[in-house]
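A note on names: the letters A, B, ... follow the listed sequences, proteins ahead of strands, and every chain is numbered from 1. The analysis underlying the following values was restricted to heavy atoms, covering all of them including side chains, and did not include hydrogens, waters or symmetry mates.
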Amino acid sequence: MKEYDPKVIEPKWQDAWEKAGVFETREDAAKPKYYVLVEFPYPSGKGLHVGHTRPYTAMDALARARRMRGSNVLFPIGWDAFGLPAENYAIKNKAHPRQFTQANIAAFRAQIRSLGYSFDHSREVDTTDPAYYKWTQWIFLKMFERGLAYKADMPVNWCPSCKCVLANEEAPGGVCERCGAETSRREKSQWMLRITAYAERLLNDLDTVDYPARVKQAQKNWLGRSEGAEVNFAVWAEGRHVHTLRVFTTRPDTLYGATYMVLAPEHPLAAEYACPETEEYRRRAAKKTDFERGQLQKEKTGVALKGVTAVNPATGGHIPIYISDYVLMGYGTGAIMAVPGHDGRDWEFARLFGLPIVEVVSGGNVDEGAYTDTENGTLVNSGFLNGLPVPDAGEAMTRYLEEKGLGKRSVQYKLRDWVFARQRYWGEPIPIVHCPSCGLVPLPESELPLTLPPVESYEPTDTGESPLSLMESWVAVSCPRCGERARRETDTMPQWAGSSWYYLRYADPRNENALASREALDYWTPVDRYNGGMEHTTLHLLYSRFWHKFLYDIGVARQPEPYRKRTSHGDIIGPDGFRMSKSRGNIIDPMEVANEYGADAMRLTILFIGDFEKSVIWSPNAVTGCRRFLERVWHMAASAQPGDALSERTERAFHKAIKKVTEDIDALKFNTAIAALMTLLNEMAEGAYSRGDIRLFVTLLYPFAPHICEELWEHCGSGGLLAGQPWPAWREELTLDDTVEIAVQVGGKLRATVTAERGLPDEAVVDAALHNPRIEAIAAGRAPTRTVVVKNKLVNLIFPQ
RNA sequence: GCGGAUAUGGCGGAAUUGGCAGACGCACCGGAUUUAGGUUCCGGCGGGCGACCGUGGAGGUUCGAAUCCUCUUAUCCGCACCA
């Protein structure tokens, strides 16, 4: 037998799998389906990185094991190929972004293949393919139909030097990524998706899915549910009631302590009662980016709104109204009642402006600072609430407000609606026409897909519009409703669009009449396992849950939740302990590792290096160990005794390992599964072993290192592909040894061990322990006052002092 | 500030309904094979001469704690003026 050479055997088996089509999946009612999903990659010019290989290798092992265990496994891959790098490439090279995208996809496909991933390539999807984005556009139209897609004025980042609208990611720190100029905020009419309409269901249905606690918690925080009340404050000007100002508060119990009100600078009332001072403040606030507002969070600023006061509905007293940018227009009503006695921000602001601070919950010292830790407090200075504990007082005040028509119980979410437009070329065109008489008119479904026209320049325009806006022949269109001259929407969708429903398309990727057939969705969905990065928890994962729920509501999706179980891999950190980055020069290229040590060794290393769900430092030495292990498997296979019979000597070791490996793969404990195989190999090496033993061994190793296992399977004279073999079963009684080592403790400290038959009665175990010479010496003739026996494991003896 | 995690040998990490801490691998040390080796094989490997001591630190519960409780320190990750 030749030396182990991954460069020869790996392509050999990749070809064999492809030729046999073993990873191509079709519906089969006779088999249980199992849908394993990984986040599809953005095909960048840089190729696969370790961030891809960890989840892909892990899910590949799971998929391969599940196939052998008899499931009909759907393990698809595709390309999330819209996005800025392709567009920047196009700008630079004056070429269509498709060229760049196609080349990258080809490179990714080749790399993925060379690592031996068992994806079903016959089901590939590409978000930039019109046959795919036809359905992305279709979903958008359905949302528009139901009022979930709408246009609204939203502040955007504006670079005055590039004359360009930037996404938040393109303006880190309030500075244009491209030219370095300071960006400002501008109002722009933008497409929005009403994800907030689904906030409650997105929150409640988390109870119905199996996600890691940290993922659920992050989504809960992001959704940010708060219970409280809306309270109406009458606004007076020139001696009469001119407005009613609604505020949201989580603390209606503190209403007696509300000594002033604050409006967000963007609040309409602030414009109505403007004076030069407030206008100046509003201008300055408008210029600040969100980032700058955040930076200044400690220092309060503001201006009084002159000529108006508000009436505190509890006290009946008039209180002043301010504008300040510590109040956000995007949350609640854009106005707050300020309770400086019990809110740190209000306290600071009140101090700055010399406003009254009233204590309404006893226990703190409001002269020193806001007293906020009030769960167990009692109300004071609060009329009918005096003496009530805080929770009861909140309840009493809410009831009072509702009875008097002064307010009502209310729930608020931090979640904002989703800005669903980019002024870019390389995205799905939004299939809407602007008609002077009909307004926003959706394209008829029959005109989908609305494809991207070729343009001359891919640069955004001077006005910050998409380059599509310059394509007069494309933009000018007759209104689908009235036939008059109208113009197409020229914004495109954000990159999150295509990835919000791709897992449904995999079920039926070539369907021209529906995004997927009902039969295919009934068979394949929901996704059984979805693994992805923590960084997608609050964007992609939430967005796709939202789209899925919408599709469920209109009868397309078959279940209310898309993913039954979500898992999240930890990051791989550079060998120096820092996050991998170009500037640090600590990037590990998985293709280089695979090239040097083989794909199998690379896969094994990725899985063995640490707990899959935790972040781990890449250690170059770990590859050596894994490669060495494979070499050892190879050499042992070469020198195995002929014969198919399994050795009796290692029978129990095998049954233990089968159980361990099977269970660990399901639990994503790949590191311990591989450790168990190393242990097993060590035991095999202690004596003679047959080709049959090797065959069983490579069957167990196959999900992790498939190429070498196929080669050795063939070498051992077995027919067919290992990929098509059944997974071995274990017998529980053979996973246990018939003798056990029992730890003997005295007073909880280990003093000896005794060997005993499994299941020996407690008294006999104690007896054996007491006859151990070491224990006899300690006992010195005394009898134990107490004995604790843990069956087959341990006995603890307590002797009198 | 809020929320979530993590802390175990020289290193990566095992061990969780509380029951022999350090599985497995790396590195290292010794030996064999090898004229050579990113080879293979065998042995050793938490600390301490020892009684013993050891899972970030301090208490506690328990016959028994890496594991449970209280407090605390450090690091990492989200979110962040959310009323």
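When distances are taken from the side chain of A:Leu750 to each of B:C20, B:G25, B:A83, the shortest belongs to B:C20. For A:Asn682, counting side-chain heavy atoms from C-beta on, the closest listed nucleotide (B:G25, B:C81, B:G19) is B:G25. Among B:C81, B:A15, B:U40, the nucleotide with an atom closest to any side-chain atom of A:Arg628 is B:U40. Comparing B:C24, B:C26, B:G12 by their nearest atom to the side chain of A:Met678 picks out B:C24. Of the listed nucleotides (B:C81, B:C20, B:A83), B:A83 has the atom at the smallest distance from the side chain of A:Thr250.
To the nearest 0.5 Å, atoms OG1 (A:Thr537) and CD (A:Gln217) are separated by 12.0 Å.
A cation-pi arrangement is not found for A:Lys300 relative to A:Phe349, the charged atom failing to lie both closer than 6.0 Å to the ring centre and inside a 45° cone about the ring normal.
Between A:Lys749 and B:C53, a side-chain N or O to OP1/OP2 separation shorter than 4.0 Å is present. Between A:Ser226 and B:A83 there is a side-chain N or O to OP1 or OP2 distance below 4.0 Å. At least one side-chain nitrogen or oxygen of A:Arg786 sits closer than 4.0 Å to the OP1 or OP2 atom of B:C63. Here A:Asn671 does not reach the OP1 or OP2 of B:C24: none of its side-chain N or O atoms lies under 4.0 Å away. For A:Arg627 and B:C26, the shortest distance from a side-chain N or O to OP1 or OP2 is not below 4.0 Å.
At the heavy-atom level, A:Glu741 lies under 4.0 Å from base atoms of the strands shown. No engagement by A:Tyr4 is indicated, since no non-hydrogen atom pair under 4.0 Å with the nucleic acid exists. Using a 4.0 Å heavy-atom cutoff across all strands shown, A:Ser619 reaches no nucleic acid atom at all. A:Ile798 comes within 4.0 angstrom of sugar-phosphate atoms only, judged by non-hydrogen atoms across all strands, and of no base. Residue contacts shown for A:Arg416 include a base, since a base heavy atom lies under 4.0 Å away. Using a 4.0 Å heavy-atom criterion, one finds that A:Trp618 contacts no nucleic acid atom at all. Among the protein residues, A:Asp571 comes within range of no part of the nucleic acid, since none of its heavy atoms lies under 4.0 Å from any strand. Among the atoms of the strands shown, only primed sugar atoms or phosphate atoms (P, OP1, OP2) are found under 4.0 Å from some heavy atom of A:Val616. Nucleic acid contact class of A:Glu596 (heavy atoms, under 4.0 Å, all strands): base. Within 4.0 Å of A:Lys220, counting heavy atoms only, lies no atom of the nucleic acid at all. Nucleic acid contact class of A:Gln745 (heavy atoms, under 4.0 Å, all strands): base. At the heavy-atom level, A:Lys793 lies under 4.0 Å from the strands shown only through sugar-phosphate atoms.
To the nearest whole angstrom, the two C1' atoms, one in B:U67 and one in B:C77, are 24 Å apart. Rounded to whole Å, the C1' atom of B:C81 lies 44 Å from the corresponding atom of B:U17.
Mapping A:Arg214 and A:Cys626 onto RNA chain B by nearest heavy atom places A:Arg214 at the nucleotide closer to the 5' end. Two residues, A:Phe248 and A:Trp222, neighbour RNA chain B, and the one matched to the more 5' nucleotide by heavy-atom proximity is A:Trp222.
More than 90° away from 0 lies the glycosidic angle of B:G54, which makes this nucleotide anti.
Closest non-hydrogen pair, A:Asn531 versus A:Ser568, comes out as OD1-N, 3.5 Å.
Between the side chains of A:Thr244 and A:Asn232, no donor N or O sits under 3.5 Å from an acceptor N or O.
Classified by interplanar angle (parallel below 30°, tilted 30° to 60°, perpendicular above 60°), the ring pair A:Phe612/A:His569 is tilted. In this structure, A:Phe654 and A:Phe697 have perpendicular ring planes: the angle between them is above 60°, well past the 30° mark.
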